[in-house]
Asks: 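Structure in structure tokens, see below.
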Amino acid sequence: MLSVGFVLKTGRLWRPAQVAIRTMASAGGATPPFTTLAVSRPTEFVAHVELHRPEKRNAMNKAFWREMVECFNEIADDPVCRVVVFSGSGKLFTAGLDLMDMAGDMLHPEGDDTARVSWNVRKLITKYQETFSVIEKCPKPVVAAVHGGCIGGGVDLITACDIRLCTQDAFFQVKEVDIGLAADVGTLQRLPKVIGSSSLVNELALTARKMYADEAKSCGLVSRVFVDKDAMMAGALEMAGEIAARSPVAVQGTKLNLVYARDHSVAEGLGYMATWNMSMLQTADVMKSAQASMEKKSPKDVVFSKL
């Protein structure tokens, strides 16, 4: 069985001559040992993670919640990977929770009394929350590329990503109230900070209405809209390549400090930044980048050490 680390570090499952932007990792199915994710390296320093259950509309089953954590923990520790593109296979990004597969855990939790049942439910919820928090904790920037529907858990997922792109036919739906629960794995916590309008977030979460691409762009949920999936994946790869060309010390430090600043005051963020850079400024990457800039060279011409 091949691990995601094997795929990312050796690239043996990636054959450059055969890669098509249109299919990317999906051509070969899920990447063992995963059953819900396909992992590849489409270009140098860039990992592509694809939610791969097209026959189930990429619905999130029990295996998905575990495999996402394993996958992104390995990516976080991979010194070669500098940026991640996350997409979905098939006709849409994801239909959200796989209710049939997850019903047992949700409806019949273990426990001898109310306290024990509640304790076990809480453990289950926090485990599922980590599935998306692991994206946010990963120091490598993650670019979400959404086509078709992004429903329920899909919104939880993309709000944990750093950059969001979508196709013109994409729509976003906070679906949880329609199945009798409040979204509990990140949407209600992250979406208000992504969009900035509490009224709009409340409307989406309380009515479960669909938000289409143009509105998603105007409110800031996504930063770019593409005509179709081919164009979006090409754009995502181009953007990932631009990020990967920069110093990994600078890029990963930027991501971690942006996440910290979001949840802290300006003064706390500045203090954390000063502490961070008192060591991170002592890198050869600063001199290499400055020299390239003065010589009007592209960052892609600079060779940075692994991180």
Side-chain angles (χ1 to χ4, degrees), residues 21 24-25 37 39-51 68 71-72 75-76 78 81-88 93-94 131-150 153-172 186-187 189-197 201 211-263 299-300:
I21 292 173
M24 296 287 286
L37 302 173
V39 185
S40 64
R41 188 192 297 281
T43 61
E44 189 178 17
F45 306 127
V46 176
H48 177 214
V49 180
E50 182 181 53
L51 183 49
M68 279 285 289
C71 178
F72 274 89
I75 287 173
D78 179 9
C81 177
R82 295 182 183 177
V83 61
V84 182
V85 173
F86 192 100
S87 69
F93 184 73
T94 179
T131 296
F132 301 135
S133 292
V134 73
I135 299 173
E136 194 171 75
K137 293 174 183 177
C138 177
K140 320 301 171 65
V142 181
V143 181
V146 179
H147 75 289
C150 178
V155 180
D156 294 290
L157 190 159
I158 66 167
T159 53
C161 296
D162 303 290
I163 299 170
R164 289 164 294 277
L165 316 175
C166 77
T167 57
Q168 188 63 54
D169 70 345
F171 69 86
F172 306 84
T187 289
Q189 292 70 40
R190 295 188 177 100
L191 188 58
K193 296 182 178 181
V194 170
I195 291 179
S197 168
V201 171
M211 171 191 279
Y212 291 93
D214 290 346
E215 185 181 3
K217 172 70 162 56
S218 67
C219 77
L221 178 59
V222 301
S223 53
R224 297 189 192 177
V225 178
F226 295 83
V227 65
D228 56 27
K229 188 177 181 182
D230 286 1
M232 176 183 66
M233 294 309 300
L237 279 179
E238 181 181 4
M239 181 180 295
E242 290 295 328
I243 295 170
R246 270 66 183 179
S247 159
V249 173
V251 168
Q252 294 179 42
T254 297
K255 169 171 177 172
L256 293 174
N257 276 275
L258 283 170
V259 173
Y260 184 91
R262 181 198 64 191
D263 299 329
K300 296 179 180 179

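Residue numbers count from 1 along this sequence. Values in this document were obtained by computation on a predicted structure and should not be read as measured data. Note that these values count all heavy atoms, side chains included, but never hydrogens, waters or copies made by symmetry.
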Asks: If you take all heavy atoms of Phe132 and Ala160, which pair is closest and at what distance?
Replies: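 Smallest interatomic distance, heavy atoms only, reads O-CB, 3.3 Å.
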Asks: What are the two closest heavy atoms between Phe172 and Ala216, and how far apart are they?
Replies: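 Looking at all heavy atoms of both residues, the closest pair is CE1-CB, 3.6 Å.
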Asks: To the nearest 0.5 Å, what is the distance between CD on Glu136 and CG on Leu256?
Replies: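 If I round to the nearest 0.5 Å, the distance is 10.5 Å.
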Asks: Can you find a heavy atom in the side chain of Leu191 that is under 4.5 Å from one in the side chain of Leu221?
Replies: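 They are in side-chain contact.
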Asks: Less than 4.5 Å apart, any side-chain heavy atom of Ser87 and any of His48?
Replies: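 Yes, at least one pair of side-chain atoms sits under 4.5 Å.
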Asks: Checking Val85 against Met233 for the side chain to side chain contact (heavy atoms under 4.5 Å, CB included) test, could you report, in this order, the C-alpha distance in whole Å, the side-chain angles of both residues, the deciding distance, and whether it holds?
Replies: CA-CA 9 Å; Val85 173; Met233 294 309 300; 4.0 Å; yes
Asks: Under the rule for side chain to side chain donor-acceptor pair (under 3.5 Å), what residues qualify as partners of Lys217, not counting sequence neighbours?
Replies: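 Here no residue qualifies.
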Asks: Does the side chain to side chain contact (heavy atoms under 4.5 Å, CB included) test come out yes or no for Arg224 and Ile163, once each step is laid out?
Replies: CA-CA 9 Å; Arg224 297 189 192 177; Ile163 299 170; over 6 Å; no
Asks: After noting the C-alpha distance and the side-chain angles of Leu258 and Arg262, does the key distance pass the side chain to side chain contact (heavy atoms under 4.5 Å, CB included) rule?
Replies: CA-CA 6 Å; Leu258 283 170; Arg262 181 198 64 191; over 6 Å; no
Asks: Determine whether Pro141 and Val251 make a side-chain contact, defined as any pair of heavy atoms from C-beta on separated by less than 4.5 Å.
Replies: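 In short, these two side chains touch, coming nearer than 4.5 Å.
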Asks: Kindly determine whether Val142 and Lys255 satisfy side chain to side chain contact (heavy atoms under 4.5 Å, CB included), including the steps that lead there.
Replies: CA-CA 10 Å; Val142 181; Lys255 169 171 177 172; 4.2 Å; yes
Asks: Mind checking whether Ile75 and Val49 have side chains closer than 4.5 Å, heavy atoms only?
Replies: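 Touching, per the 4.5 Å side-chain cut-off.
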Asks: When rounded to the nearest 0.5 angstrom, what is the spacing between CZ in Phe72 and OG1 in Thr131?
Replies: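 Interatomic distance, Phe72 CZ to Thr131 OG1, rounded to 0.5 Å: 11.0 Å.
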Asks: Would you say the side chain of Val146 lies within less than 4.5 Å of the side chain of Arg164, judging by non-hydrogen atoms?
Replies: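 When only atoms from C-beta onward are counted, Val146 and Arg164 do not touch, as no gap falls below 4.5 Å.
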Asks: Can you sort out the partners of Glu215 under side chain to side chain donor-acceptor pair (under 3.5 Å), two or more places apart, ordered by chain and number?
Replies: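 Checked Glu215 against side chain to side chain donor-acceptor pair (under 3.5 Å); matches are Arg209.
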Asks: Can you tell me how far CD1 of Ile135 sits from CZ of Phe86, rounded to the nearest 0.5 angstrom?
Replies: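 With rounding to 0.5 Å, CZ (Phe86) is 6.0 Å from CD1 (Ile135).
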Asks: As an exercise, state the distance from CE of Met232 to CG of Leu237, rounded to the nearest 0.5 Å.
Replies: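 Met232 atom CE to Leu237 atom CG measures 10.5 Å (nearest 0.5 Å).
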Asks: Do Leu165 and Ser223 come within less than 4.5 Å of each other through their side chains, counting heavy atoms only?
Replies: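 A side-chain contact exists here, since the closest heavy-atom pair is under 4.5 Å.
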Asks: How close do Cys166 and Ala213 get, heavy atom to heavy atom, and via which atoms?
Replies: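 The answer is SG-CB, 3.8 Å.
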Asks: Taking atom CD1 of Ile243 and atom CD of Gln252, what is their separation to the nearest 0.5 Å?
Replies: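 It comes to 11.5 Å.
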Asks: Can you confirm whether the side chains of Thr167 and Asp228 place a donor and an acceptor under 3.5 Å from each other?
Replies: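 No, Asp228 and Thr167 have no side-chain donor paired with an acceptor closer than 3.5 Å.
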Asks: Please name the pair of heavy atoms, one in Gly88 and one in His147, separated by the smallest distance, quoted to 0.1 Å.
Replies: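 Scanning both residues completely, I find the closest heavy atoms to be O-CE1, 3.0 Å.
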Asks: Looking at Pro248, is its backbone amide N or carbonyl O close enough to the side chain of Lys140 to form a donor-acceptor pair, meaning the two atoms are under 3.5 Å apart?
Replies: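 Not confirmed, Lys140 side chain does not pair with Pro248 backbone.
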Asks: Hey, could you give me the CE/SG distance between Met211 and Cys150, rounded to the nearest 0.5 Å?
Replies: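 SG of Cys150 is found 11.5 Å from CE of Met211.
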Asks: What pair of heavy atoms forms the shortest contact from Val39 to Cys71, and how long is it?
Replies: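 It is CG2-SG, 4.1 Å.
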Asks: Are Asp214 and Ser218 side-chain neighbours, meaning at least one heavy-atom pair lies under 4.5 Å?
Replies: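 The answer is no; the side chains never approach within 4.5 Å.
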Asks: If you define the side chain from C-beta out and look only at heavy atoms, does anything of Val46 sit under 4.5 Å from Val84?
Replies: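 No, their side chains stay 4.5 Å or more apart.
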Asks: Please list, chain by chain and in numerical order, all residues satisfying side chain to side chain donor-acceptor pair (under 3.5 Å) with Arg246, sequence neighbours excluded.
Replies: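 So Arg246 forms a side chain to side chain donor-acceptor pair (under 3.5 Å) with Glu242.
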Asks: Identify the two heavy atoms, one from Pro192 and one from Thr187, that lie closest to each other, and give their separation to 0.1 Å.
Replies: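 In this case the closest contact between Pro192 and Thr187 is CD-O, 3.6 Å.
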